[in-house]
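In what follows, a single structure is set out as structure tokens and then discussed.
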2 protein chains.
Amino acid sequence: MNNTTLAKELDLNPATVLEMVRKLAVKKLVQILSDKSIRLTEKGEKKALLIIRKHRLWEVFLTEKLQYNWNEVHVLAEQLEHIESVDLVDRLDAFLKFPTVDPHGDPIPDKNGNLKIKTTISLDKALIKKNYTIVNLADTNDIFLQYLGELKIKPGIKLKLLNRNEYDATVSVIISKKTLQLSNKVAKNILLELVN
Amino acid sequence: MNNTTLAKELDLNPATVLEMVRKLAVKKLVQILSDKSIRLTEKGEKKALLIIRKHRLWEVFLTEKLQYNWNEVHVLAEQLEHIESVDLVDRLDAFLKFPTVDPHGDPIPDKNGNLKIKTTISLDKALIKKNYTIVNLADTNDIFLQYLGELKIKPGIKLKLLNRNEYDATVSVIISKKTLQLSNKVAKNILLELVN
DNA sequence: ATTTTTTATTTGGTTAACCAAATTTTTAAA
DNA sequence: TTTAAAAATTTGGTTAACCAAATAAAAAAT
């Protein structure tokens, strides 16, 4: 990761980013390598993971308890993740019955900042006639998520891949007993786990 | 309310408070009267009430859903009240089944910022042999709240006043079939509502 | 190996939120 | 009504988070 890219991503001036990165370096949260690229230290990574934990737990709360749509929760969770209290997060975790993934299917780090990543295949590369569970979505684009919402496609849902069109790589899948056609673009962004 | 008092309450320099108050005046949230005292405008009052609403709803959430003790929730709720989303608050309200009071017994304003205040009597002035419900506690001191916690005294609990000692105004009350002696100081801070 | 382009860094600002100390105004007391 | 005390205000700072423009350094292209 380099300064300019970061600046663009955060929509900040590179001078600002440089200043910030230096402060983070003083706090030993990031390391500035000899080629001037930036990376998290172990300490920084852990802190980041604990913030991700908060974020994702609040997302679960918002969807499961407050009936939010999974594509609406990100902005709110960005606010909630700033709440400073380890204890609160752990209680929230317990209240939500220790969920392992957020509403998008992304794994939730545990209280030590460890997260277990599932090995997934995207639907466009999945095997014909096999059963899968949707575990995640690779694109967070709103229109995409909304489209999936209409089709009732979300993490946790099971599907079977029927066939893949030779010409345009459109896939046919069975989801809750109905057959659906999904474009290759969509299929690429649906991540699956094989059902044993 | 005057500047110096406010400054002490907020633990800020009077110069800072003056600056802030002026900014709030520009936003028409406070009014600076001719004698230089400060008061909320209607707009300011409504905004304040909506923040109180958030604060108290989060307090209910923390105690009822995350099993926090009612004397631990204030600090956390102060953080949570900064979350900016009217919709979120309304959903939280619904999720909590539209509570009317917070864990301390203070009323929760509705979504328009209206709150209905109960007329209460403090236990030290209550009538002998009458049945009351505890609706609120006038002191937020930690030791006081902890003491009450040990005695299982909290808003919602019913009690009957048996008698008041002539000498030191200690009161005898029955709470869940047990007789308790409470000092005048304590009695003064327990607010009651007559049970019809 | 130069030149061009991209990236990093420095420099000199701004604004918001704060403060301490000095000064002015108001209020209360003598 | 003059004086003492308290409160309000002004003045001149600081720090943190930002920026734009200039310069330096590194990488890529010729």
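Convention: sequence-line order gives letters A, B, ...; per-chain numbering from 1.
At distances below 3.5 Å, at least one donor-acceptor pair connects side-chain atoms of Thr41(B) with backbone N or O atoms of Lys28(B). With Asn112(A) contributing its side chain and Asn114(A) its backbone, the two residues share no donor-acceptor pair below 3.5 Å. Of the possible donor and acceptor atoms, one in the side chain of Lys54(A) sits under 3.5 Å from a partner among the backbone N and O of Ile83(A). Put simply, the side chain of Arg164(A) never gets that close to the backbone of Ile128(A): no donor and acceptor are under 3.5 Å apart.
In this structure, Lys65(A) forms a cation-pi arrangement with Phe95(A), its terminal cationic atom sitting closer than 6.0 Å to the ring centre and no more than 45° off the ring axis.
At whole-Å resolution of the value, CG in Asp11(A) and C1' in dC18(D) are 12 Å apart. Per the geometry, CG belonging to Leu12(A) stands 16 Å off C1' belonging to dA8(C), to the nearest Å. For Leu6(A) and dC18(D), the CG to P distance is 13 Å, given to the nearest whole Å. Between Leu33(A) atom CG and dA8(C) atom C1' there is a gap of 15 Å when expressed in whole angstrom units. Going from atom CG of Leu10(B) over to atom C1' of dC19(C) covers 15 Å, rounded to whole Å.
At a threshold of 4.0 angstrom between heavy atoms, the contacts of Thr16(B) include nucleobase atoms, whether or not backbone atoms are also involved. If you check every strand for non-hydrogen atoms under 4.0 Å, Asp35(A) touches nothing. Note on Lys8(A): nothing from the nucleic acid sits closer than 4.0 angstrom, heavy atoms only.
Remark: Thr4(B) is in phosphate contact with dA8(D), judged by side-chain N or O atoms under 4.0 Å from OP1 or OP2.
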For nucleotides 9-12 of chain D, give me every protein contact, N/O to N/O, under 3.5 Å, one pair per line with atom names.
residue	atom	partner	partner atom	Å
dT10(D)	OP2	Arg22(B)	NH1	2.9
dT10(D)	OP2	Arg22(B)	NH2	2.8

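Pairs of residues two or more places apart, or lying in two chains, that qualify as ring-ring contact (aromatic ring centres under 6.0 Å, His included) and include a residue from residues 62-82 of chain B are His55(B)-His74(B).
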